[in-house]
Amino acid sequence: MALDIVILAAGQGKRMNSALPKVLHPLAGKSLVRHVVDAARSLNPGRIVVIYGHGGEAVREALVAPDINFAKQEPQLGTGHAVMQAVPLLTNPGPDDLTLVLYGDVPLTRAESLKALVDAAAGGKLAILTVDLPDATGYGRIVRGTSGVSGSRGAIERIVEHKDASEAERAIREVNTGIMAVPTQALAGWLGRLSNSNAQGEYYLTDIVAMAVAEGVAVTSAQPSAEWETLGVNSKVQLAELERIHQRNIAQVLLEQGVTLMDPARIDVRGLLSAGRDVTIDVGCVFEGDVVLGNDIYIGPNCFLRNVRVRAGTRVEAFSHLDEAEVGAHCRIGPYARLRPGAQLDEHVHIGNFVEVKKSTIGAGSKANHLAYVGDSEVGQKVNIGAGTITCNYDGVNKSKTIIGDGAFIGSDATLVAPVTIGAGAYIGAGSTITKEAPAGKLTITRAKQTTVENWKPKAKKKD
Ligand code: UD1
Ligand code: CA
């Protein structure tokens with residue numbers, strides 16, 4: 001059986017009040033339609049076709065990939081018309097082949113639910129993902145015949161859109177989520193016979209259900225395990241609601257894995273967070289991209305970590321910002337530390353408050369506890385970098401390197417003008433500006449001698 005997937009993403013999303021096409025708005029750091037594409041890919045389909053609309057070039061640009069086909073729908077005459085645009089791009093169908101229709105603005109459907117729907121359609125059936133809602137206003141209703149068996153649902157006869165439904169039909173709680181798996185061979189014929197004589201003057205994809213029934217094609221349904229899997233985004237309000245649902249789900253998984261979250265409602269994961277044993281995360285932390293935390297790690301409140309690896313036993317204290325950095329075992333970072341791209345810390349390193357490290361390796365046991373900038377540097381082991389130390393790595397044109405040998409002691413407020421080398425075990429006097437190599441094991445100091453002016457008097461203040 002071959003499976004093709006059509007993702008409808010031509011809707012304008014006026015209610016988002018944004019220049020960005022609706023399906024490109026991010027949820028957990030990833031566009032809505034990207035969530036849908038990722039779920040689609042996990043089903044190993046033959047073809048994926050994304051239907052985009054007027055002003056949707058950005059959608060195409062954002063998704064361009066060898067396994068994704070695009071079709072433009074202009075004007076937008078309804079969901080049936082949208083799927084019609086995909087038909088020429090579908091695999092030449094065999095009798096059991098299916099086309100799965102997904103919505104680009106319904107981001108949280110689990111792959112398991114989609115698999116269950118595809119399984120339900122096996123053998124040439126049409127399968128609809130349905131859900132029972134306490135308030136079904138606005139949705140297409142699933143109209144079923146009477147069931148012979150009490151308590152079981154009757155056979156599906158058709159779908160009626162809310163605007164076309166009678167009072168009795170509007171009382172139906174079972175709704176069309178919009179997601180359906182359709183026998184590909186029959187699809188083109190059914191779409192070709194759609195009419196737009198209905199309340200909205202649109203070509204409804206949902207009208208193919210009655211056609212299938214009339215032709216004796218079995219119509220069946222599957223239900224997702226949670227209602228949120230079927231929720232769509234039409235406004236910023238709904239986007240924010242889905243973000244919270246998604247974050248709650250991620251937090252739940254982390255808790256089940258044994259991570260301690262001081263408040264599961266106050267963590268945001270926008271990517272993949274993997275954590276070892278005995279990891280504690282305090283409130284207000286944001287994780288982006290791939291973050292890997294080893295065992296026995298503490299992340300204090302209000303930290304930001306993007307594409308970071310932290311090894312076992314390290315503490316990251318409050319308000320630290322770590323971006324594209326690697327932190328070794330048993331380090332102490334922060335509070336208020338900033339690790340920028342290319343910061344690589346060996347074990348037992350201390351990076352304290354208002355210390356910024358960029359594109360630098362810091363050897364085991366080295367410390368920069370307060371107020372320093374370390375950029376484009378190779379720092380050896382057990383180096384002590386005093387408060388206020390700056391590596392002057394940039395001359396306005398080029399970046400240059402600072403090399404600091406093992407055991408060096410850099411006094412407070414030293415200015416190391418790169419390219420420059422500080423030898424192993426060297427001492428740099430506080431306040432020095434170092435422009436030449438400082439030899440190993442010696443004290444180098446560039447301060448002017450302190451003088452006191454004996455006969456100095458303060459100037460008389462002007463009277464006003
Ligand atoms: C549709 C279903 C309805 C279902 C509901 C679930 C139809 C006729 N109705 O209604 O049964 O309960 O979804 O949310 O199918 N789109 C296009 N091109 C178009 C029209 C829509 O690409 O011409 C896309 C939209 O961007 C959206 C999806 O299709 O992703 C659904 O469109 P929408 O207008 O929201 O459909 P509803 O009227 O809500
Ligand atoms: Ca909708």
Side-chain angles (χ1 to χ4, degrees), residues 5-16 20-25 31-37 39-40 49-56 59-60 63 70-87 100-109 126 128-133 135-143 156 158-165 169-170 172-180 182 187 190-191 194-211 219 221 223-224 227-235 238-239 242:
I5 298 182
V6 177
I7 300 174
L8 304 190
Q12 290 169 345
K14 281 200 196 100
R15 284 162 61 199
M16 297 297 275
L20 191 67
K22 173 167 76 173
V23 295
L24 293 186
H25 283 263
S31 72
L32 296 173
V33 69
R34 171 70 62 189
H35 283 269
V36 180
V37 166
V49 182
V50 174
I51 309 296
Y52 68 101
H54 174 72
V59 174
R60 186 194 172 103
L63 293 178
F70 297 91
K72 189 168 186 175
Q73 186 203 13
E74 197 177 6
Q76 283 137 44
L77 304 177
T79 51
H81 180 252
V83 175
M84 217 181 287
Q85 313 311 309
V87 167
L100 177 65
V101 178
L102 303 177
Y103 287 0
D105 58 2
V106 177
L108 297 183
T109 322
L126 190 161
I128 308 163
L129 193 70
T130 75
V131 67
D132 292 317
L133 295 180
D135 177 8
T137 307
Y139 287 90
R141 307 297 207 283
I142 307 294
V143 180
I156 294 174
R158 60 196 165 87
I159 296 176
V160 61
E161 290 305 299
H162 180 91
K163 286 187 178 144
D164 300 285
E169 287 163 343
R170 286 186 181 180
I172 297 170
R173 294 285 157 262
E174 187 185 10
V175 307
N176 171 33
T177 63
I179 294 171
M180 56 176 84
V182 185
L187 180 63
W190 291 338
L191 293 173
L194 290 178
S195 115
N196 66 350
S197 44
N198 51 49
Q200 301 183 78
E202 286 182 5
Y203 296 93
Y204 292 162
L205 176 62
T206 44
D207 283 350
I208 69 171
V209 174
M211 293 179 188
V219 176
S221 67
Q223 280 75 38
E227 192 186 304
W228 50 257
E229 292 189 55
T230 70
L231 297 177
V233 173
N234 297 304
S235 66
Q238 289 169 341
L239 180 62
L242 278 198

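Predicted model only: the values in this text are computed from it and were never measured. As the structure lists them, so they are numbered: ligands from 1, and atoms in each ligand from 1.
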Inset, instruction - Answer yes when Glu161 and Lys163 have at least one side-chain N-carboxylate O distance shorter than 4.0 Å, and no when they do not. - result: no
Counting heavy atoms only, which of [options] comes nearest to [atom]?
{"atom": "atom 4 (C) of ligand 1", "options": "Leu102, Asn234, Asn176, Thr177", "answer": "Asn176"}
{"atom": "atom 22 (O) of ligand 1", "options": "Ala10, Pro75, Gly104", "answer": "Ala10"}
{"atom": "atom 30 (O) of ligand 1", "options": "Val209, Thr130, Asp105, Val23", "answer": "Asp105"}

Legend entry - Between His81 and Glu202, a side-chain donor and acceptor under 3.5 Å: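 Per modelled atom types, His81 and Glu202 side chains form no pair under 3.5 Å.
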Legend entry - Check: Thr130/Glu174 side-chain N/O donor and acceptor closer than 3.5 Å: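 Yes - a donor-acceptor pair under 3.5 Å links their side chains.
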Where's the contact between [X] and ligand 1, heavy-atom distance under 4.0 Å: side chain, backbone, both or neither?
{"X": "Ala82", "value": "side chain"}
{"X": "Gln200", "value": "neither"}
{"X": "Lys22", "value": "neither"}
{"X": "Leu77", "value": "backbone"}
{"X": "Val106", "value": "neither"}

Legend entry - Pair Asp164-Tyr204, side chain to side chain donor-acceptor pair (under 3.5 Å): steps then yes or no: CA-CA 11 Å; Asp164 300 285; Tyr204 292 162; 2.7 Å; yes
[X] to ligand 1: N or O pair under 3.5 Å?
{"X": "Thr206", "answer": "no"}
{"X": "Ile159", "answer": "no"}
{"X": "Gly178", "answer": "no"}
{"X": "Leu205", "answer": "no"}
{"X": "Tyr139", "answer": "no"}
{"X": "Gly138", "answer": "no"}

Legend entry - ligand 1 contact by Gly232, heavy-atom criterion under 4.0 angstrom: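 Checking ligand 1 against Gly232, which is what was asked, there is no heavy-atom contact under 4.0 Å.
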Inset, instruction - Determine whether any heavy atom of His81 lies closer than 4.0 Å to an atom of ligand 1. - result: no
Inset, instruction - Give, for atom OG of Ser197 and atom CG of Asp207, the distance between the pair rounded to the nearest 0.5 Å. - result: 8.5 Å
Inset, instruction - Please round to the nearest 0.5 Å and tell me the distance separating atom CE of Met180 and atom OG of Ser221. - result: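 Interatomic distance, Met180 CE to Ser221 OG, rounded to 0.5 Å: 11.5 Å.
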Atom indices of ligand 1, in the order listed, that fall short of 4.0 Å to a heavy atom of [X]:
{"X": "Leu8", "answer": "22 (O), 24 (C), 29 (O), 30 (O)"}
{"X": "Tyr204", "answer": "8 (C)"}
{"X": "Glu161", "answer": "2 (C), 3 (C), 7 (C), 8 (C), 9 (N), 10 (O), 11 (O)"}
{"X": "Gly140", "answer": "3 (C), 4 (C), 11 (O), 12 (O)"}

Any donor-acceptor N/O pair, [X] side chain to [Y] backbone, under 3.5 Å:
{"X": "Arg141", "Y": "Val160", "answer": "no"}
{"X": "Lys22", "Y": "Val233", "answer": "yes"}
{"X": "Gln223", "Y": "Leu129", "answer": "no"}
{"X": "Thr230", "Y": "Thr177", "answer": "no"}

Inset, instruction - Quickly, which of Val23, Leu24, Leu63 forms a side-chain contact (heavy atoms from CB on, under 4.5 Å) with Arg34? Name it, please. - result: Leu63
Inset, instruction - Specify whether Phe70 and Tyr52 have parallel, tilted or perpendicular ring planes, treating 30° as the upper limit for parallel and 60° as the lower limit for perpendicular. - result: perpendicular
